[in-house]
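Note sheet for the following structure.
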Amino acid sequence: MTENRSTNGAEAAVSEAVPEASAPVGIDDLLERVRAGYDRVDPREAAAAAESGALLVDIRYAALRDRDGLIPGALVVERNELEWRLDPQGSHRVPEAVDHDLPVVVICNEGYASSLAVASLRQLGLHRATDLIGGFQAWRATGLPVISPSEA
C-alpha cells in the first residue's frame, strides 16, 4: 500500500479500507477465487434452507422477473441495492436483515452475478451468505415452485 499524504481524514480512511489493485484477473478466475471461499447450494438445498429460515434474495432485474416469474417467499432486491438492504448495521436495511448470522441465499438468473454478490455480502460480515448454483433457471428446471408472471 502506498503512503497516503492527504490531510483529509476521509480519504485516508478509504485508502486504508480499500486494498491496492493487484495484477489484473479475468472474470472466470475471479469467480473461481470467490467461490472457493464458501459452499454454494443447489436448488433443493436452497429450498430446504428457506424452510429452515434462510432468506432467499432474488437479485434479478425486473425484466427477467417479469418474463420468468418469482420464487415464492423470496425477497426481491435489485443488485445495485443489495449491500444497503442486507447490511444489519445499515440505515437502509430491510426488516429481515437482523444480524450478521442471517443465512442468505442469493439468486440471480444463472448463478454468476450472485457469486460476486455473495463476496460483497461476506465482506460486510454476512458470513452465512451463499448463492444458488445455476440461479433462477436451475430452480425452475428442478420443478420447484415459481409464481408465473401473470400471477405476480
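Because the structure is predicted, anything quoted here is derived from the model rather than measured. The chain is numbered in sequence order, starting from 1. Note: hydrogens, waters and symmetry copies are ignored here, and every other heavy atom, side chains too, is used.
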Problem set entry | Presence of salt bridge, Asp58 and Arg65, under 4.0 angstrom |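 The answer is no: the pair does not qualify as a salt bridge.
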
Exercise. Got a salt bridge between Arg93 and Asp87, using NZ or NE/NH1/NH2 to carboxylate O under 4.0 Å?
Worked result: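 So Arg93 does not pair with Asp87 through a salt bridge.
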
How about [X] and [Y]: do any of their side-chain heavy atoms sit closer than 4.5 Å?
| X | Y | result |
| --- | --- | --- |
| Leu124 | Leu86 | no |
| Leu30 | Leu116 | yes |
| Arg44 | Leu144 | yes |
| Gln137 | Asp68 | yes |
| Pro72 | Glu151 | no |
| Phe136 | Leu64 | no |

Closest approach of [X] and [Y], non-hydrogen atoms and distance?
| X | Y | value |
| --- | --- | --- |
| Ser115 | Asp131 | OG-OD2, 2.8 Å |
| Arg67 | Pro149 | O-CG, 3.3 Å |
| Gly53 | Pro103 | O-CG, 4.3 Å |

Could you state the interatomic distance from [atom1] ([X]) to [atom2] ([Y]), rounded to the nearest 0.5 Å?
| X | Y | atom1 | atom2 | value |
| --- | --- | --- | --- | --- |
| Tyr112 | Asp28 | OH | CG | 8.5 Å |
| Ile107 | Ile133 | CD1 | CD1 | 12.5 Å |
| Ile59 | Glu81 | CD1 | CD | 12.0 Å |
| Ser114 | Arg35 | OG | CZ | 7.0 Å |
| Arg79 | Cys108 | CZ | SG | 10.0 Å |
| Arg60 | Glu78 | CZ | CD | 10.5 Å |

[atom1]/[X]: more than 12 non-hydrogen atoms of other groups inside 6.0 Å:
| X | atom1 | value |
| --- | --- | --- |
| His92 | NE2 | no |
| Tyr38 | OH | yes |
| Asp101 | CG | yes |

For this session: For the pair Trp139 (side chain) and Pro145 (backbone), establish whether a donor and an acceptor sit closer than 3.5 Å, ignoring hydrogens and angles.
Result: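 Such a contact is found between Trp139 side chain and Pro145 backbone.
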
Tell me whether [X] shares a hydrophobic cluster with [Y], the cluster being built from Ile, Leu, Val, Met, Phe, Trp, Tyr side chains joined at under 4.5 Å.
| X | Y | result |
| --- | --- | --- |
| Leu132 | Val104 | no |
| Leu75 | Leu102 | yes |
| Leu70 | Leu56 | no |
| Val25 | Val118 | yes |
| Val41 | Ile71 | yes |

Problem set entry | For Val77, the option from Arg85, Glu96, Glu83 that meets side chain to side chain contact (heavy atoms under 4.5 Å, CB included) |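 Only one option passes, and that is Arg85.
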
